[in-house]
Amino acid sequence: MRLETPPPTEPVPDALEVVRRTAVADALLVADQADAAAAAKGTRADVVVELHQISQATTVQAQQLGGEYDSGLGDIVAEQSGASPSATTPEHTPRAVVTSLVDAATRTRAAADQAQLGPLGRLLASISASQTRYASDLAQLTGAPAPEPPPTRIPEPAEPSGEPSEGDEASATPALASADPAVVPTGLSAEDLSALVLAEDTAGYALEVRAAQADGDVRARAYERAQLHRTRAQAWAQVAGIASTDQDPRRVAYAVPATPTQELVRDLEDDLAQNYASLAGVAEPGTRAILVSLLTDATLASAPWGAPAVPFPGLPEHA
């Protein structure tokens, strides 16, 4: 007598696996589209070069995330269920690749904020920043709309308050629905925040010095970025609760390396990208959004100064 056994089924992925698979699928979709667009007749040579770089980078990203999951049951399950591939075929043009990169970066950025594991959050944050940078570069080459960068306003620390009133409770739900999703990162130590204040202030000072030594466009760009870094240093000092206290690490002056301005800017932004990537791996889930956004901002900011796009910005172990 033979006992009837149930047909094999695919294992149900948990939330962590869903996040990982989605990021892998997004990266591989971009790689496939980029390859197809590069092979299309009439694609300009400089665009082909960029598309090949994008394909290579997103393929490496998918591999670093663990690649596609294959239980070995896919063909069996598809055969039993009568499943067929989707009839939807992605468009294979450079502009479509820009759109797919932007979509992938947006989903991956949100996943980085929510990922339960810090190291995965750090990796996703870096991949999202990279995909945004590649989208921006390709958009420039093709005349497609540039991707909108994520918001980078550092949230103010919450004011201590007593018990909410009836009016506060009534307005809580709509406020949460419409407010900026960025919140003050939690899980960071006082040393983490102090180091961030110092890094932003150092960058601001160095760029102020170089702006004073330059003229024209270089002067304007360096000064504008310097003021932004100074403002962020103050904002992080307020988040840490150390602004204008004995614990405030900011100094009157810092040593500025005697390197060309372009190289200096790239080094400063790369250091900040590493800082924000590291903190994204430490902060608690749901509070990383601003760190991921600022990692993306540092990645984009170094582009006009000649920094090449890389698959994993802010992750020196993958340099």
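What you see is a predicted model; the values in this text were computed from it and never measured. Numbers here simply count residues along the sequence, with the first being 1.
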Might you work through the side chain to side chain contact (heavy atoms under 4.5 Å, CB included) test for Trp236 and Leu294, ending with a clear yes or no?
CA-CA 12 Å; Trp236 283 122; Leu294 289 169; 3.8 Å; yes
Between Arg232 and Asp297, does any NZ, NE, NH1 or NH2 come within less than 4.0 Å of an OD or OE carboxylate oxygen?
yes
Looking at Ala280, is its backbone amide N or carbonyl O close enough to the side chain of Arg288 to form a donor-acceptor pair, meaning the two atoms are under 3.5 Å apart?
yes
Under the side chain to side chain contact (heavy atoms under 4.5 Å, CB included) rule, what do Leu198 and Arg250 come out as? Steps first, then yes or no, please.
CA-CA 6 Å; Leu198 188 60; Arg250 288 175 288 181; 5.5 Å; no
Less than 3.5 Å apart, any donor N or O on the side chain of Gln247 or Ser194 sitting next to an acceptor on the other?
no
Arg219 side chain vs Ala211 backbone, donor-acceptor pair below 3.5 Å:
yes
Give a yes or no on whether a salt bridge exists between Glu269 and Arg225, defined as a side-chain N under 4.0 angstrom from a carboxylate O.
yes
Check this for me: does any side-chain nitrogen of one of Arg122 and Glu317 sit under 4.0 Å from a carboxylate oxygen of the other?
yes
Do the side-chain N and O atoms of Ser55 and Asp35 include a donor-acceptor pair separated by under 3.5 angstrom?
yes
Hey, does the side chain of Thr132 reach the backbone of Ser128 with a donor-acceptor pair shorter than 3.5 angstrom?
yes
Without hydrogens or angle criteria, can the side chains of His92 and Gln33 be said to hold a donor-acceptor pair below 3.5 Å?
no
Would one find more than 12 heavy atoms of other residues, nucleotides or ligands at under 6.0 Å from atom CD of Glu17?
yes
Donor-acceptor under 3.5 Å (Thr287 side chain, Thr186 main chain)
yes
Modelled atom types, side-chain donor and acceptor of Asp103 and Thr106, under 3.5 Å
no
Taking only Lys NZ, Arg NE, NH1 and NH2, and the carboxylate oxygens of Asp or Glu, determine whether Arg266 and Asp270 approach each other closer than 4.0 Å.
no
Quick one, Leu124 and Val19 - any side-chain contact, counting heavy atoms below 4.5 Å?
yes
Is any NZ, NE, NH1 or NH2 atom of the basic residue among Glu200 and Arg230 found under 4.0 Å from an Asp or Glu carboxylate oxygen of the other?
no
Side-chain donor/acceptor of Asp201 to backbone N/O of Val197, under 3.5 Å:
no
Checking Thr296 side chain against Val292 main chain: does a donor-acceptor pair fall under 3.5 Å?
yes
Decide yes or no for Glu50 and Tyr134: does some side-chain heavy atom of the first lie under 4.5 Å from some side-chain heavy atom of the second?
yes
Would a single hydrophobic cluster contain both Leu65 and Leu16, if residues Ile, Leu, Val, Met, Phe, Trp and Tyr are joined by side-chain heavy-atom contacts under 4.5 Å?
yes
Tell me which pairs pass ring-ring contact (aromatic ring centres under 6.0 Å, His included) where either residue lies in residues 276-319, with sequence neighbours left out.
Phe312-His318
Taking every heavy atom of Leu272 against every heavy atom of Ala199, the minimum-distance pair comes out as CD2-CB, 3.8 Å
Are there more than 12 heavy atoms of other residues, nucleotides or ligands under 6.0 Å from atom CG of Asp215?
no
Donor-acceptor pair, Ser126 side chain versus Leu315 backbone, under 3.5 Å?
no
Under 4.0 Å between a Lys/Arg side-chain N and an Asp/Glu carboxylate O for Arg109 and Asp113?
no
Please check if Leu101 and Ile127 belong to a single hydrophobic cluster, counting links between Ile, Leu, Val, Met, Phe, Trp and Tyr side chain heavy atoms closer than 4.5 Å.
no
Hey, is the main chain of Leu141 close enough, under 3.5 Å, to the side chain of Arg44 for a donor-acceptor pair?
yes
So does Ala105 get a backbone contact from the side chain of Thr108, meaning a donor-acceptor N/O pair under 3.5 Å?
no
Hey, what do you get for CG (Leu291) to CG (Leu188), rounding to the nearest 0.5 Å?
6.0 Å
Given 3.5 Å as the limit, does a donor-acceptor pair link the side chain of Thr58 with the main chain of Val30, or not?
no
